[in-house]
Amino acid sequence: DVQLQASGGGLVQAGGSLTLSCATSGFAFNDWTVGWFRQAPGKERERVSCIRIRSNDSVTYYANSVKGRFSISSDNSKNTVYLQMNSLKPDDTAVYYCAADVALHRLLLLKPEYWGQGTQVTVSS
């Protein structure tokens, strides 16, 4: 069974940093794409960042709203994807979800095959 376990959320002041982790199991980590999404109260779920994982190279995607502040990476030995979030803003407050699919385009369409549970990120002003 594919499992995705997100963690690392919390309360942080504006300008601060958090690192989210998505521990995965049940699929060929080096051949899939894993992404982070977020949903704020009253808003639609949106893409944050994705990484197409390969053994020797990976391709990353970032939403314009987080470019230069967030960084996605993977530890292939731990089957885990991280989202380093710096210079956090109150607008970044949301429940953050990780998701996975063999196809990058399905993540970009917000239709990945597998979703993990969310982790709350709250940024105070």
For the student: nearest non-hydrogen atoms of [X] and [Y], plus distance:
X	Y	answer
V34	A100	CG2-CB, 4.2 Å
G8	T119	N-OG1, 4.1 Å
A14	P90	CB-CD, 4.1 Å
G9	L20	N-CD2, 3.6 Å
T33	C50	CG2-CB, 4.3 Å

Taking side chain to side chain donor-acceptor pair (under 3.5 Å) as the definition, give me every residue that meets it alongside [X], ordered by chain and number, with sequence neighbours left out.
X	answer
K67	N64
S17	N86
N79	none
D91	none

Inset, instruction - Tell me, with the steps shown, if Y61 and R47 meet side chain to side chain donor-acceptor pair (under 3.5 Å). - result: CA-CA 9 Å; Y61 159 87; R47 296 184 301 268; 3.1 Å; yes
Pairs satisfying salt bridge (Lys or Arg N to Asp or Glu O under 4.0 Å), at least one member in [range], at least two apart:
range	answer
residues 35-46	R38-E46, R38-D92
residues 14-33	none
residues 103-116	D101-R106

Inset, instruction - Mind checking side-chain contact (heavy atoms from CB on, under 4.5 Å) for V95 and listing every partner two or more places apart, or none if nothing turns up? - result: Y97, Q120
Legend entry - Those residues that, when tested against Q3, pass side-chain contact (heavy atoms from CB on, under 4.5 Å) (two or more places apart): S25
Legend entry - 4.5 Å side-chain heavy-atom contact, T80 and T24: no
Legend entry - Heavy-atom check, side chain of N30 versus side chain of N76, under 4.5 Å: yes
Legend entry - disulfide (SG to SG under 2.5 Å) against C22, all qualifying residues, sequence neighbours excluded: C98
Inset, instruction - Determine, step by step, whether M85 and V121 satisfy the side-chain contact (heavy atoms from CB on, under 4.5 Å) criterion, reporting the C-alpha distance in whole Å, the side-chain angles of both residues, the deciding distance to 0.1 Å, and the verdict. - result: CA-CA 10 Å; M85 304 186 296; V121 172; 3.9 Å; yes
Legend entry - Qualifying ring-ring contact (aromatic ring centres under 6.0 Å, His included) pairs, either residue in residues 62-89, two or more places apart: none
Legend entry - ring-ring contact (aromatic ring centres under 6.0 Å, His included): pairs with one or both residues in residues 3-45, sequence neighbours excluded: F27-W32, W32-Y114, F37-W115
Inset, instruction - Keeping the roles fixed (side chain from S21, backbone from S7), state whether a donor-acceptor pair exists under 3.5 Å. - result: no
Legend entry - S74 side-chain N/O to V81 backbone N/O, donor-acceptor pair under 3.5 Å: no
Are [X] and [Y] grouped together when hydrophobic residues (ILVMFWY) are joined by side-chain heavy atoms under 4.5 angstrom apart?
X	Y	result
L109	V59	no
L4	I51	yes
L110	L107	yes

Inset, instruction - Return yes if a side-chain donor-acceptor contact under 3.5 Å exists between Q84 and T19, otherwise no. - result: yes
Inset, instruction - First locate atom CZ of R69, then atom OG of S87, and finally report the distance between them rounded to the nearest 0.5 Å. - result: 7.0 Å
